[in-house]
Student: 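Take this structure, written in structure tokens, and hold onto it; I'll ask about it next.
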Amino acid sequence: MRHLIMPDKYRQMSDQHLIEQIKAIKAELSKRLVILGHHYQRKEIVELADFRGDSLELSRDAARQKEAEFIVFCGVHFMAESAEILSRPEQIVQLPEFRAGCPMADMAEIFQVESAWREIDKICSAENFTPITYVNSSAELKAFCGRNDGIVCTSSNASAVFDWAFKKTAKLFFFPDEHLGRNIANKKGIQKDKVIVWDPEEEMGGNTSKQIKEADIILWKGYCRVHTFFKPEHVLAIREKYPQAVIIVHPECVEEVVGLADADGSTGFIVNFVQAAKPGSTIVIGTEINLVSRLAMEHPDKKIFELARSLCPNMYRINLRNLLWTLDNIGKIKIVTVPEPIKAEAKVALERMLEIT
Ligand code: SF4
């Protein structure tokens, strides 16, 4: 896509003026426009969104939009792609900043996954495996799962999706987040030596034929920098300083951090956990800082703070300026498209996920 330069007028406007203009366009377009905002977005963006949520909630919200002609997605690229895949043909999905990608999603490219699949097939037949892609992945990977009887999952429903897949086949191939896959495998009590990692840089993913034949789950070697930033030392330091605190982390954290925490779950789970906590509780959260700061502000009756400060720079790329610029050019710029047949195949895998959760 051609890179567009933001007109100067947006840079010169105050935040207040930008917010007023955005609200005026929202009022004018009314039900023709829906703004979706991920929990990791800046506070001012989340406040302007019609729906806020995690990847699963926003996928559902996107699929439910029957009246909206325009869906403006304040999140990262793979989320807007999922909204586009689930939208009706006449709907237009726009992402205010195309450079808002997800480095984890970029860690598994389609040619690498297809090459791994062929290698696995030679060793113990790919028919024994269900491919599962985390929603944090390109449309091509979702399409790969769609055409190979696989499925998409989010961090909210990964456990249920793994159960669904294990009913179909004895083995799973999960990409691109090693840590989410490992944390789910641990919860299901799968033996450690039955879970192996596929490193796309290595021959046979860095495994022997025997390891591949005996594996129950093959995990792609990918990770989220925001969540692997949290270390066991952070948890131990909080335990010592605030022994009464409840520590809750996202399952993209490494297994040692999840093992030391009191609970783990998706951003939607974290939001509900905080809402349900008693006034006076101390809750320490290991996830993206914008969500933690907002929860602290929204729950002044509870003491809420971060396990360590970790910001997703890609989510942060969406701001009032590029949002207003997009709304001023509704249906015209920053349009997310997914070509056929990728769109139809990816839709199969996404709809399978929505059906079972
Ligand atoms: S928080 Fe991690 S997984 Fe989520 S968009 Fe940012 S880099 Fe990707």
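Order of appearance sets the numbers: ligands from 1, and atoms from 1 within every ligand. Every value quoted in this text rests on a predicted model; they were computed, and no experiment measured them.
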Student: CG of Leu95 to OG1 of Thr326: how many Å apart, nearest 0.5 Å?
Tutor: 8.0 Å

Student: Taking the six-membered ring for Trp, are Tyr316 and Tyr40 ring centroids under 6.0 Å apart?
Tutor: no

Student: Distance under 4.0 Å to a non-hydrogen atom of Glu252: what atoms of ligand 1 satisfy this?
Tutor: 3 (S)

Student: Going by the ring pair (Phe, Tyr, Trp, His ring centres under 6.0 Å) test, name the single residue among Trp198, Phe144, Trp220 that passes it with Trp117.
Tutor: Phe144

Student: Would you say the ring centers of Phe229 and Tyr223 fall short of 6.0 Å from each other?
Tutor: no

Student: Measuring only between side-chain heavy atoms, which start at C-beta, is Ser159 closer than 4.5 Å to Lys188?
Tutor: yes

Student: Do you know the tightest heavy-atom contact between Thr337 and Glu84?
Tutor: CA-OE2, 4.1 Å

Student: Within less than 2.8 Å of atom 8 (Fe) of ligand 1, how many protein N/O/S atoms are there?
Tutor: 1

